[in-house]
Amino acid sequence: MVARQTLLFLSRHEGLKDFATGFGPFKRMTTRFVAGEDIEQTVSAIRALNAIGCTASFDHLNEDVSQVSATEEEVREYLRILARIDETGIRSNVSIKLTQFGLGIDSELAYRNARTVVEDAARRGNFVRVDMEGSNVTQVTLDIFRRLRSEFGLNDVGIVVQSYLRRTWDDVQELLKVPARIRICKGAYNEPPEVAFPDKKDVDENYVRVMRALLASGVYHGIATHDPKMIDATVDFAQREGIGKDAFEFQMLYGVRRDLQEQLARDGYNMRVYVPYGKHWYPYFMRRLAERPANVWFVLKNIFKG
Ligand SMILES: Cc1cc2nc3c(=O)[nH]c(=O)nc-3n(C[C@H](O)[C@H](O)[C@H](O)COP(=O)(O)OP(=O)(O)OC[C@H]3O[C@@H](n4cnc5c(N)ncnc54)[C@H](O)[C@@H]3O)c2cc1C
């Protein structure tokens, strides 16, 4: 718990970020979780995933962008990704973060930037998932999502909820009324106990409760987890309720539990892998270390090996 909080604190530490991104051995370690620095390397990684029966979600790493011009460059990058998905025929949608599109500058700017990407995706028959970030932006992220959803279809844009947040059950009830395509995950940020359940047991219980509500809703949702207990609970519930394998998808992160990704695809489940790439990998990478502090030893071992 302490290790997780420390790593999440360090994930927001600018000095360490500058050091880590300039330090070759540390950077090399990121290849386990990050597909590459550019779109073409990511296309290759997604082709390999498609070949073993997994679909993907393209993610250009960047968050808390503080210059308007940089947010516009993020939009151009996503338009290039969507075009490249069409040109190559890879099976992938895209995931975006609103702080990457300027949420920290002005929520209207973030909305307009996101809208440009969703409009292009909708025109191409693709889909945009709006990731969920820290609890300081939960409400505004939901508000912008609802605005986008009122202008675009169920299969054009979707949202994420986090089972560690106390508010999530109520948010899900409202989102199901819209209706909306939802990704449920546990949540990856450092949150105070007033807003997030501090005990893993409560986070897991809430996850199962939300997962059941999603599956029962009849809308196509994403069940994002590497936790075998959450996966078994999903498979059991779907079988018991006669919900088909095509009615939802499992989602996992690039480089995490590849064995389980392949197994679920082989068993006939829809399996989507979230594939991040880009130069701004530091906070994403640190959140992955925080999820499994044993990964820190893997990193240190490799740095000292050479
Ligand atoms: C597709 C996808 C999208 C996501 N989008 C968001 C989002 O928008 N917002 C957000 O806050 N969070 C997001 N997350 C992260 C999520 O909230 C969790 O932090 C993360 O998935 C770990 O939780 P878990 O369900 O795997 O369960 P945990 O209980 O954390 O882990 C269960 C088991 O999975 C394995 N595992 C988990 N993480 C790792 C790792 N990093 N390295 C190696 N093994 C690991 C371990 O075996 C561990 O015992 C996303 C996750 C996925 C899979």
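When reading the values below, keep in mind they use all heavy atoms of this one structure, side chains included, and skip hydrogens, waters and symmetry mates. Computed from a prediction, not measured in an experiment: that's the story for all the values here. Read the numbers this way: they start at 1 and go in the same order the structure lists the ligands and their atoms.
Inspection of the H280 and E63 side chains reveals no N or O donor paired with an N or O acceptor under 3.5 Å. Side chain to side chain, Y277 and E37 fail the donor-acceptor criterion of an N or O pair below 3.5 Å.
Atom numbering of ligand 1 starts at 1 in the shown order; those under 4.0 Å from a heavy atom of A224 are 1 (C), 2 (C), 52 (C), 53 (C). In summary, the atoms of ligand 1 found under 4.0 Å from a heavy atom of R288, numbered by their order in the structure, are 15 (C), 40 (C), 41 (N). If you number the atoms of ligand 1 from 1 as listed, the ones under 4.0 Å from a heavy atom of K200 come out as 29 (O).
For the pair E191 and ligand 1, no heavy-atom separation below 4.0 Å is found. Residue contacts with ligand 1 include M252, since one or more of its heavy atoms lies under 4.0 Å from the ligand. Every heavy atom of E133 sits 4.0 Å or more from the atoms of ligand 1. In this structure, K229 falls outside the shell of residues with a heavy atom less than 4.0 angstrom from ligand 1.
For atom 49 (O) of ligand 1, the nearest protein heavy atom lies 4.0 Å away or farther. Closer than 4.0 Å to atom 34 (O) of ligand 1 lies at least one heavy atom of the protein. Atom 30 (O) of ligand 1 lies below 4.0 Å from none of the non-hydrogen atoms of the protein.
For the pair R147 and Y111, the distance from NZ or CZ to the six-membered ring centre is under 6.0 Å and the angle to the ring normal is within 45 degrees. Cation-pi geometry between K186 and Y164 is not satisfied (NZ or CZ under 6.0 Å from the ring centre, within 45° of the ring normal).
Neither the backbone nor the side chain of M230 has a heavy atom within less than 4.0 Å of ligand 1.
With a 4.5 Å cut-off on side-chain heavy atoms, F237 and I243 count as touching.
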Item checked: Steps toward side-chain contact (heavy atoms from CB on, under 4.5 Å) verdict (L98, N113) -> CA-CA 9 Å; L98 292 181; N113 283 336; over 6 Å; no

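Between F250 and the options I231, V273, L260, N270, a side chain to side chain contact (heavy atoms under 4.5 Å, CB included) holds for only I231.
A salt bridge does not link R129 to D131: none of the charged nitrogens lies less than 4.0 Å from a carboxylate oxygen.
When only non-hydrogen protein atoms are considered, atom 19 (O) of ligand 1 lies nearest to E291 OE2, 2.6 Å.
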